[in-house]
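Below is one structure, written out as structure tokens; comments come after it.
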Protein chains: 2
Amino acid sequence: MQSSTLDGRLLPGLTSSFPFMVAPEWSGLAIPGQPSRFLCSAEIYAEGSKIRQFHKVVSGTVRVCRVLPGGRRFIAQFALPGELLGLDGVEEHRFSAEAVTEVVLVTFARKDLDTYMDQEPLAAQSWRIFTLERLAAAPDRFILLGCRSPTEHVAHFLLDLVTRSRPVCHLLELNMSRYDISDYLGLTAETVSRVLTVLRKAGMIAIEDNHTLHLLDCGRLTEVASVSSIPAGR
Amino acid sequence: MQSSTLDGRLLPGLTSSFPFMVAPEWSGLAIPGQPSRFLCSAEIYAEGSKIRQFHKVVSGTVRVCRVLPGGRRFIAQFALPGELLGLDGVEEHRFSAEAVTEVVLVTFARKDLDTYMDQEPLAAQSWRIFTLERLAAAPDRFILLGCRSPTEHVAHFLLDLVTRSRPVCHLLELNMSRYDISDYLGLTAETVSRVLTVLRKAGMIAIEDNHTLHLLDCGRLTEVASVSSIPAGR
DNA sequence: CGGAAGGTTGACTTTCTTCAATTCCTGTGG
DNA sequence: CCACAGGAATTGAAGAAAGTCAACCTTCCG
């Protein structure tokens with residue numbers, strides 16, 4: 001899904017399963033020097049701040065979120081190792097980004113993006129692939145948020161996380177709190193907790209501790225995750 | 001929002017308030033001949049079909065939708081005049097597109113996109129602006145779908161539609177049915193109807209007929225539309 | 001004129017949230 | 001190393017809100 005072919009050659013693209021690497025066609029845009037480090041809970045950028053850079057997560061987990069007028073918080077994205085961060089706006093950030101764990105990032109200059117891509121056709125192409133994929137992926141989340149049952153939504157979330165994490169075994173490291181998860185899914189922490197309990201009692205997952213899950217039956221989880229198990233609507 | 005400057009010159013971009021026009025830097029990619037016409041309810045493309053083209057709406061309204069496993073339908077997008085259509089996938093369409101009214105489209109070849117943009121820096125840049133804007137806009141809908149109250153969501157929908165329609169007066173032509181609206185907002189038609197009644201009784205809108213609304217008090221509508229009027233959640 | 005589809009309204013049910021109480025971790029200091 | 005404190009997580013009971021079902025009304029088109 002992530003890579004595409006050009007002249008029969010594999011295009012690594014901007015995001016990659018090797019988070020610590022920057023593809024050669026992008027290295028010219030990376031800001032030189034050591035990757036930047038953020039402690040747990042540190043703010044990476046603030047909502048409303050001018051966008052000067054974007055980042056690639058080397059290690060750790062980042063939450064991209066906003067506090068809504070009523071005081072409620074919504075998390076737009078969890079950025080995992082290998083994924084990009086900081087494209088949540090055109091001129092200024094429309095969300096803030098915070099480190100869920102300790103985080104290491106490589107940084108790219110945003111203002112040089114256009115001139116850089118005019119000179120680097122490979123970079124321009126991998127950027128187009130990346131944006132098109134992301135654009136095409138957004139409606140899936142629309143569906144989850146719109147036609148969600150909490151169970152479907154949580155199950156999908158777990159499968160999504162384990163797919164995006166490198167070790168595709170049954171182990172799932174949940175770095176974020178239940179509150180983070182609920183603010184990402186548009187639910188309450190209580191509901192998330194209840195759903196996890198149901199899934200555990202049904203034997204689909206095992207909860208080693210609050211931040212370590214085992215996905216015991218991915219087949220059944222996938223079934224549960226497929227939207228609209230029951231409801232009618234319309 | 002739509003246009004950006006390059007060398008002090010205004011970049012019209014790919015989408016524009018003049019739906020019948022194709023910006024000069026894009027004309028080379030447009031498939032020559034008459035714009036294509038679709039009757040009301042006609043299918044423009046099918047879910048799962050290979051993506052060969054994308055379109056710009058000249059006139060009419062298009063719904064981009066998918067029928068979910070349980071039989072429920074979800075509408076990912078309403079494409080209005082001047083807006084683009086057919087970017088709902090990388091290799092194949094992940095949604096189908098249907099004409100809500102009679103629809104006229106101009107068509108672009110998808111396979112020539114990469115080579116074309118390598119030759120046309122202006123086209124490449126307006127494409128980047130477009131995709132970045134769309135990418136940055138997606139989270140707003142996440143919030144609406146996730147933290148929605150039906151009232152907030154419907155009010156926002158009305159304001160969004162009237163903004164995207166040319167005549168920015170208080171008149172709003174609703175081409176789609178209540179079912180379309182509900183499938184777009186992740187609600188039921190009954191709920192949409194109830195909310196409209198509430199807004200009407202509160203004097204914020206007037207319902208001339210089922211497809212013609214007057215937004216009488218956009219200020220108050222905007223207030224209502226701002227997410228999280230009341231709820232706590234976390 | 002009549003029928004079918006779309007739209008509205010009402011009563012009822014289900015579901016999630018809310019509020020509250022309890023338990024479980026984690027990290028800190030004695 | 002253990003005790004303790006504070007936050008995180010779970011669980012339960014009650015309440016609110018949207019969905020479901022059903023009836024009725026309206027509009028549009030043959």
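This structure is a prediction, so every number in the text was calculated from the model and none was measured. Lettering follows sequence order; numbering is per chain, from 1.
- For B/Arg194 against C/dG7, a side-chain-to-base donor-acceptor contact under 3.5 Å is absent.
- Of the two residues near DNA chain C, B/Ala189 and A/Asn210, the one whose nearest nucleotide lies more 5' is B/Ala189.
- Using modelled atom types, one finds no donor on one side chain facing an acceptor on the other under 3.5 Å when comparing B/Glu173 with B/His211.
- For D/dG19, neither phosphate oxygen OP1 nor OP2 lies less than 4.0 angstrom from any side-chain nitrogen or oxygen of A/Arg148.
- Note: NE2 (B/His153) to P (D/dA17) measures 18 Å, nearest angstrom.
- No close placement of the A/Phe74 and A/Phe95 rings is indicated, their centers lying 6.0 Å or farther apart.
- Side-chain nitrogen and oxygen atoms of A/Thr188 include none within less than 4.0 Å of the OP1 or OP2 phosphate oxygen of C/dC16.
- When the P atom of C/dC24 is taken as reference, atom CG of A/Leu196 falls 17 Å away, rounded to whole Å.
- Of the candidate nucleotides D/dA9, D/dT11, C/dG7, D/dA9 has the atom lying nearest to any side-chain atom of A/His211.
- Between A/Asp209 and A/Pro150, the residue whose closest nucleotide on DNA chain C is further toward the 5' end is A/Pro150.
- Nearest nucleotide to the B/Thr191 side chain, out of D/dT10, C/dT17, D/dG19: D/dG19.
- Relative to the side chain of A/Leu187, the nucleotides C/dT17, D/dT10, D/dA22 differ in distance, and C/dT17 lies closest.
- Under the 3.5 Å distance criterion, with hydrogens and angles disregarded, a donor-acceptor pair is assigned to the side chains of B/Thr212 and B/Asp209.
- Taking atom CG of residue B/Leu145 and atom C1' of nucleotide D/dA18, one finds them 15 Å apart after rounding to whole Å.
- Between C/dG6 and B/Ser177, no contact under 4.0 Å exists linking OP1 or OP2 to a side-chain N or O.
- We find that CZ of A/Arg72 is positioned 12 Å from C1' of C/dT18, with the value rounded to whole Å.
- Rounded to whole angstrom, the span from the OH atom of B/Tyr179 across to the C1' atom of D/dG19 amounts to 13 Å.
- Of the candidate nucleotides D/dT10, D/dG19, C/dC16, C/dC16 has the atom lying nearest to any side-chain atom of A/Ser149.
- The ring of B/Tyr184 has its center closer than 6.0 angstrom to the ring center of B/Phe157.
- Of the possible donor and acceptor atoms, one in the side chain of A/Thr197 sits under 3.5 Å from a partner among the backbone N and O of A/Ser193.
- Atoms CG (B/Leu174) and C1' (C/dG7) sit 13 Å apart, rounded to a whole Å.
- Spacing between atom CD1 of B/Ile207 and atom C1' of C/dT8 amounts to 10 Å, rounded to whole angstrom units.
- Atom CD1 of B/Ile181 is separated from atom P of C/dT8 by 9 Å (rounded to the nearest Å).
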